[in-house]
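The structure under discussion appears below in the form of structure tokens.
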Protein chains: 2
Amino acid sequence: MALRYALLGLLAKNEATGYELTQQFKETVIHFWTAHHTQIYRELLKMEEEGLTHSKTVQQSDYPDKKIYTITDKGFAQLLEWMLNKPVNVPKLKDDLLLRVSMFHFIPTERAIDFLEKSKEHHQMGLMMTKKWQEENFPKGTYGENELGEYLTSEFGIRYMESWLSWCNWAIKVLKKKGES
Amino acid sequence: MALRYALLGLLAKNEATGYELTQQFKETVIHFWTAHHTQIYRELLKMEEEGLTHSKTVQQSDYPDKKIYTITDKGFAQLLEWMLNKPVNVPKLKDDLLLRVSMFHFIPTERAIDFLEKSKEHHQMGLMMTKKWQEENFPKGTYGENELGEYLTSEFGIRYMESWLSWCNWAIKVLKKKGES
DNA sequence: TAAACATATGTGAAAATACACATATAAAAA
DNA sequence: TTTTTATATGTGTATTTTCACATATGTTTA
């Protein structure tokens, strides 16, 4: 249900195609919401049926046609209604790596450290990219009127990844200490 | 698919009922995986059909009968096979509050701060409880042989909530600065 | 005295999500 | 020269997850 509000929130800032929305999910929304591209396209169709968005098809010669979506007044009204009057659901997390960590006592220590090292690489990469993105979009912490939300959540993403890396280093230390004994 | 491995991991440590597993999900697994109790009961039934677990029903006079599940050799073998040979999926997150934060530019500043203050309370509570749980279960950082995983992930939970709180304070400061102008 | 909470396990149906696949073309990289 | 990547939007199906509800009883709280 809330996927639509994520999409409406993005459309309230800029009109966009399903493809562009998918890219934005990977770039910025990733810090707090995940969705498959097929799910995004289907939700866009449903929202148009309900009059929350409106689309125009644009022909392109060398690429496939694209559908540009805009938010309607009704859509924006529903977005605000949700934001201000609907209860905040508990966060839902599924972290495959942490699930494995929770069973590290079943596997060899070296293998466990491998998992953490690989995960460190991923998070280091993500951290670098998000920092770069942040510098490009909010140089010296300056943000536009309609960018406040993105500014706050991208900072969340950075802090999350930093905290992840620091925890990872701690966990590796614990494992190495255990390996010695 | 991975829910079953979370359950097998817990059962590999101790036999348990569906009810108890649900409690454990709320207490410790919460830091990396969420599941509804009906989903847990259904997965347990399916796993038993597939011979990964085994159950015995225990009659109780004043409470309803309970089914105590144990992991089978086949179940443990599959758990290890998954841990060591299956690719690690990308984490999936749905955070309703952060989704709202990403649209804070649409609502009054005071209202936005309210959201963050309430969220701070939740995380402060969670942090306290997890710290208490950690002290009870791992006094002075000592953990048993089959508790390594829980030790590492509970520390992750604590650091996550601390980082959350610190980000929250930062965000509130940003909003207050904005409110002044 | 009534309501809520803890114990304990589920079913039926709906909604959300993921997986495999399909289509179509150009540019860039291996 | 073959493969991969980027552009762009989907369908059909399967799996996962949630929601509302059901059952049954003892204790605690308002």
Side-chain angles (χ1 to χ4, degrees), chain A residues 1-7 15-27 29-30 32-50 53 55-69 82 86-96 99, chain B residues 1-7 11 15-27 29-30 32-50 53 55-69 86-96 99:
Chain A
M1 205 65 231
L3 169 62
R4 67 171 42 189
Y5 301 113
L7 293 169
E15 58 172 31
T17 66
Y19 188 80
E20 287 164 343
L21 289 166
T22 303
Q23 302 311 109
Q24 290 177 49
F25 259 70
K26 285 180 190 159
E27 209 172 40
V29 181
I30 187 94
F32 53 90
W33 210 272
T34 37
H36 200 265
H37 82 275
T38 57
Q39 203 191 344
I40 291 173
Y41 281 112
R42 263 198 261 255
E43 191 66 37
L44 286 169
L45 289 174
K46 221 194 295 174
M47 286 197 289
E48 190 163 20
E49 275 172 35
E50 295 177 36
T53 56
S55 76
K56 54 177 179 229
T57 303
V58 175
Q59 254 103 30
Q60 298 189 116
S61 53
D62 40 356
Y63 288 117
D65 294 358
K66 62 180 177 183
K67 263 167 89 177
I68 300 176
Y69 285 90
W82 168 78
K86 297 295 173 189
V88 178
N89 290 321
V90 292
K92 274 158 211 164
L93 175 63
K94 314 245 151 130
D95 194 305
D96 212 358
L99 178 54
Chain B
M1 204 68 233
L3 170 62
R4 68 169 44 189
Y5 300 113
L7 293 169
L11 290 175
E15 58 172 32
T17 66
Y19 188 79
E20 287 165 343
L21 289 166
T22 303
Q23 302 311 110
Q24 289 175 52
F25 259 70
K26 285 180 192 162
E27 207 171 43
V29 181
I30 188 91
F32 53 91
W33 210 272
T34 36
H36 200 265
H37 82 276
T38 57
Q39 205 189 344
I40 291 172
Y41 282 112
R42 265 199 260 257
E43 192 66 38
L44 287 169
L45 289 174
K46 222 195 292 175
M47 286 198 288
E48 190 161 22
E49 274 172 36
E50 295 176 37
T53 56
S55 75
K56 54 176 181 233
T57 303
V58 176
Q59 255 102 29
Q60 298 189 117
S61 53
D62 40 355
Y63 287 117
D65 295 358
K66 61 181 178 182
K67 265 167 88 176
I68 300 176
Y69 285 90
K86 296 296 174 190
V88 178
N89 290 322
V90 292
K92 273 156 214 166
L93 175 64
K94 314 247 150 129
D95 193 305
D96 213 0
L99 178 54

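Each chain gets a letter, A, B and so on, in the order the sequences are listed, and its residues count up from 1. Scope of the values below: all heavy atoms of this structure, side chains included, with no hydrogens, waters or symmetry mates.
In this structure, A:Lys66 places its NZ atom 14 Å from P of D:dG10, rounding to the nearest Å. Spacing between atom CD of B:Gln23 and atom C1' of C:dT9 amounts to 13 Å, rounded to whole angstrom units. Rounded to an integer number of Å, the gap from A:Lys26 NZ to D:dT5 P is 12 Å. The separation between B:Leu21 atom CG and C:dA8 atom C1' is 13 Å, rounded to whole Å. With rounding to whole Å, B:Gln59 atom CD is found 14 Å from C:dT9 atom C1'. Rounded to a whole Å, the CD1 atom of A:Ile40 is 13 Å from the C1' atom of D:dA8. Atoms CD (B:Gln60) and P (D:dG26) sit 13 Å apart, rounded to a whole Å. For the pair A:Phe25 CZ and D:dT9 C1', the interatomic distance rounds to 17 Å; values are reported in whole Å.
Residues A:Trp33 and A:Ala2 share a closest heavy-atom pair of CH2-CB, 3.6 Å. Listed here is the closest heavy atom pair of A:Ala35 and A:Ile40: CB-CG1, 4.2 Å.
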I need a per-nucleotide contact map over nucleotides 14-27 of chain C, read 5' to 3'. Cutoff is protein heavy atoms under 4.0 Å; write B for the base, S for backbone only, - otherwise. --SSBBB---B---
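B:Lys67 pairs by the side chain to side chain contact (heavy atoms under 4.5 Å, CB included) definition with B:Leu45, B:Glu48, B:Ser55, B:Thr57, B:Tyr69, not counting sequence neighbours. Residues passing the salt bridge (Lys or Arg N to Asp or Glu O under 4.0 Å) test with A:Glu50 are A:Arg4, sequence neighbours excluded. A:Asp96 pairs by the salt bridge (Lys or Arg N to Asp or Glu O under 4.0 Å) definition with A:Arg100, not counting sequence neighbours. Partners of B:Thr17 by side chain to side chain contact (heavy atoms under 4.5 Å, CB included), not counting sequence neighbours, listed by chain and number: B:Tyr19, B:Glu20, B:Lys66, B:Ile68.
Each end of the helix from C:dT1-D:dA30 to C:dA30-D:dT1 gets its own axis from five base pairs, and the two axes differ in direction by 40°, given to 10 degrees.
One finds the CE atom of A:Met1 at 6.5 Å from the CD atom of A:Glu43 (value rounded to the nearest 0.5 Å). Taking CG from A:Leu3 and CD from A:Gln39, the interatomic distance works out to 5.0 Å, rounded to the nearest 0.5 Å.
At D:dT9, none of the side-chain N or O atoms of A:Tyr19 fall inside 4.0 Å of OP1 or OP2 (strictly under the cut-off). Close to C:dT9, at under 4.0 Å from its OP1 or OP2, lies a side-chain N or O of B:Tyr41.
The side-chain heavy atoms of B:Leu21 and B:Tyr41, taken from C-beta on, include no pair separated by under 4.5 Å.
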